[in-house]
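Worksheet: one structure, shown below.
Heavy atoms only: backbone and side chains are in, while hydrogens, waters and symmetry mates are out.
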Amino acid sequence: MDTQDSKDVLRLTALWTRAQPVVAGYVSSVVPNFHDAADILQDVAMVLVVRFHEYDSERPFVHWALGIARNKVLAYYRRQGREKQVLDEYLMERIADAYVEMAPHLGLIREAL
């Protein structure tokens with residue numbers, strides 16, 4: 001691994017460490033089964049690693065990660081079949097938007113608690 005790869009790994013690790021609680025909150029709020037939500041979160045992390053070179057550092061990382069999570073959740077519900085979908089796509093997107101807005105404050109709230 002060269003120096004640039006090492007820097008990218010460290011940068012991704014720091015970004016994901018801050019974003020993971022927000023993404024986990026979103027996924028668990030729209031996927032009621034704990035184990036399925038955990039699997040989706042793991043899938044999101046893997047996609048972030050594979051596609052990190054596509055990340056635009058001018059945009060918030062948590063927004064990018066939530067977009068990937070939203071796509072993974074939608075794919076999950078497509079695989080499960082529409083009859084098992086608890087929320088429609090519009091509502092899932094609004095929930096993701098709310099998590100994007102709350103993301104900067106969630107760390108402060110967690111520290112205060």
Side-chain angles (χ1 to χ4, degrees):
M1 184 180 311
D2 67 12
T3 304
Q4 184 58 45
D5 288 342
S6 296
K7 287 180 183 178
D8 286 346
V9 167
L10 291 174
R11 186 166 166 246
L12 172 60
T13 301
L15 291 167
W16 177 239
T17 300
R18 287 191 298 273
Q20 190 271 343
V22 177
V23 175
Y26 166 70
V27 172
S28 64
S29 70
V30 295
V31 176
N33 181 291
F34 171 80
H35 297 292
D36 291 343
D39 289 345
I40 290 169
L41 188 63
Q42 186 176 33
D43 290 345
V44 169
M46 289 189 300
V47 170
L48 293 173
V49 169
V50 171
R51 294 180 49 194
F52 187 63
H53 66 280
E54 298 173 20
Y55 168 60
D56 177 3
S57 61
E58 298 295 316
R59 301 184 68 215
F61 181 81
V62 71
H63 183 71
W64 184 59
L66 280 168
I68 292 170
R70 184 177 15 211
N71 291 337
K72 288 293 181 181
V73 167
L74 291 172
Y76 163 80
Y77 278 116
R78 278 192 294 276
R79 284 191 310 273
Q80 297 299 312
R82 289 284 177 191
E83 68 280 353
K84 292 186 180 180
Q85 186 167 340
V86 176
L87 305 171
D88 69 4
E89 289 183 29
Y90 175 79
L91 188 54
M92 283 190 272
E93 287 181 23
R94 297 300 66 83
I95 293 170
D97 292 343
Y99 272 90
V100 167
E101 289 178 29
M102 293 184 319
H105 308 290
L106 293 177
L108 297 173
I109 292 169
R110 189 173 32 257
E111 286 177 22
L113 293 174

For a side-chain contact (heavy atoms from CB on, under 4.5 Å) check, start with the C-alpha distance between V73 and R70, then their side-chain angles and the critical distance, and finish with the verdict.
CA-CA 5 Å; V73 167; R70 184 177 15 211; 5.8 Å; no

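The nearest pair of heavy atoms linking Y55 to F61 is OH-N, 3.2 Å. For the residue pair N71 and R78, the shortest heavy atom distance occurs at O-NH2, 4.5 Å. Here the closest heavy-atom approach between residue A37 and residue S28 is recorded as CB-CA, 4.3 Å. Nearest heavy-atom pair across L41 and A24 is CD2-CB, 3.7 Å. The two residues V27 and A69 come nearest to each other via the heavy atoms CG2-CB, 4.1 Å. Taking every heavy atom of both residues into account, V23 and L66 meet most closely at CA-CD2, 4.0 Å.
Here the CD1 atom belonging to I68 is positioned 4.5 Å from the CG atom belonging to L48, to the nearest 0.5 angstrom. Of the inter-residue distances, the one linking D36 atom CG with Y76 atom OH reads 3.5 Å to the nearest 0.5 angstrom. One finds the CZ atom of R79 at 10.5 Å from the CG atom of L74 (value rounded to the nearest 0.5 Å). Separating the CG atom in D43 from the CE atom in M46 is a distance of 4.5 Å, to the nearest 0.5 Å. One finds the CD atom of E54 at 6.5 Å from the CH2 atom of W64 (value rounded to the nearest 0.5 Å).
Both V49 and V62 sit in one connected hydrophobic cluster of ILVMFWY residues. Membership requires side-chain heavy atoms under 4.5 Å apart, directly or through other members.
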